[in-house]
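I'd like to ask you about the structure that follows.
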Amino acid sequence: MPELPEVETIKRDLEKKILGKKIIAIEADKPKVIKEPSLDKFRKGLVGKRPKEVIRKAKVLIIKFEDNKFLVIHLRISGWLQYGKKEDKARVLFKLSDGKYLNYMDQRLLGELRLRSDYKDLKFIQRLGPEPFELSLKEFKDIIRTKKTKIKPLLMDQAVISGIGNIYAQESLFESKILPTRQSLSLKDREISLLYKNIRGVLNKAIQNRGSSVDTYRDIDGRTGGMEEKLRVYGRQNEPCFKCRRSIKKINLGGRGTCFCPSCQH
DNA sequence: AATGGGACCTGCGCGC
DNA sequence: TGCGCGCAGGTCCCAT
């Protein structure tokens, strides 16, 4: 899915555009993405209600309504939200009191929508580890030294650290000159410190640039991000490294494509 | 506990 | 042009 920076961008835009606007009607072209409750109850629970708060927890987007119910949206890989006119490709469509629409877009239909009286009791929320911004350097070091696994899959393990996905794990490791295949236990103290700094730096830069649109992700106006042009290693296999000009390589790690510079990263 | 594979889905680019 | 394959920002579940 969109990673932490993309979801944060959506959250901030939604706060500006939909708070206080009543839901007038809901159409579901693909009701399967609504995981709970039934479509009928989902519709009855939301029509007539106004969103009063938008929350982001790692990569999960949560909209709180005036009756204190929560619409929990997990965008997974290809989910995004478009505010404005009605979209033909919307999987679920929320008609709003200002005459506009909030379209739930999701090419691959892997995303999930839930209407619940709480979100904190959801299993996948409870299992989330701290976000990078919630961690002190010391806590980060302790985490890195706890697990016996390769550093890249570790960074992407949401139960350990939440919010980092496949793009920003690669970017953070490239900036830190650390090979994605390194055992986390082998990282030197200064490498962990550098990684800590670079994870925050990469995520902050991505937020400032409104996220990466390398594929289906768009902001709520349907516009691309801006970070995709500033990515330094993701998707650059066979292209020259920005630092040393040698060829970027791509391998498979834990089932995910992983780009790195064999010359700069150790 | 760590790791690998498959599942969930659609759609794109590529080679033949 | 058509077809099969691999691959895609995520995560869960199972087997080893």
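Quick caveat: nothing in here was measured; it's all calculated off a predicted structure. Per chain, numbering begins at 1; letters A, B, ... match sequence-line order.
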Check: A/E191 side chain, A/K177 main-chain N or O, donor-acceptor pair, under 3.5 Å
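Not a single qualifying donor-acceptor pair exists.
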Interatomic distance, A/L109 CG vs B/dC8 C1' [rounded to whole Å]:
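Interatomic distance, CG of A/L109 to C1' of B/dC8: 10 Å.
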Nearest to the side chain of A/V214 - C/dC12, C/dG9, C/dT11?
C/dG9
Of A/D219, A/D98, A/D13, A/D221, the residue whose pairing with A/Y83 passes side chain to side chain donor-acceptor pair (under 3.5 Å)
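Option passing the side chain to side chain donor-acceptor pair (under 3.5 Å) with A/Y83: A/D98.
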Picking from C/dT11, B/dT10, C/dC12, the nucleotide nearest the side-chain atoms of A/F124 would be C/dC12
When you measure from the side chain of A/N209 to the backbone N and O of A/G211, does any donor-acceptor pair fall under 3.5 Å?
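No, the answer is negative, given that no donor and acceptor are paired below the 3.5 Å cut-off.
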Separation of A/I77 atom CD1 from B/dA7 atom P, in whole Å?
16 Å
For A/D215, answer base if it contacts any base atom (sugar-phosphate contacts may also be present), sugar-phosphate if it contacts only those atoms, and nothing otherwise; contact means non-hydrogen atoms under 4.0 Å.
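Result for A/D215 = base.
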How long is the line joining CG of A/L4 and C1' of C/dG9, in whole Å?
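Nearest whole value for this atom pair: 13 Å.
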Stems with DNA chain B, 3 or more Watson-Crick or G-U pairs in a row (under 3.5 Å), are B:2-8 with C:10-16, B:10-16 with C:2-8
So what does A/L110 touch, heavy atoms closer than 4.0 Å: a base, only the sugar-phosphate, or nothing?
base
For A/R256 and C/dC7, give me the distance from atom CZ to atom C1', rounded to whole Å.
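The answer, rounded to whole Å, is 11 Å.
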For A/G257, report the nucleic acid contact type (base, sugar-phosphate, nothing); a contact means any heavy atom under 4.0 Å.
sugar-phosphate
Assign A/K250 to base, sugar-phosphate, or nothing according to its heavy-atom contacts below 4.0 angstrom with the strands shown.
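Counting heavy atoms under 4.0 Å across all strands, the contact made by A/K250 is with sugar-phosphate only.
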Select one nucleotide: of C/dC12, B/dT10, B/dA2, the one nearest the side-chain heavy atoms of A/K147.
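Of the candidates, B/dA2 comes closest.
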Within the 4.0 Å heavy-atom criterion, would you say A/Y234 contacts the bases, only the backbone, or no part of the nucleic acid?
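A/Y234: backbone/sugar contact only, no base atoms under 4.0 Å.
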In terms of side-chain heavy atoms of A/E3, which of C/dG9, C/dT11, B/dT10 is nearest?
C/dG9
Given B/dA2, B/dT3, C/dC13, identify the nucleotide with an atom nearest to the side chain of A/K123.
C/dC13
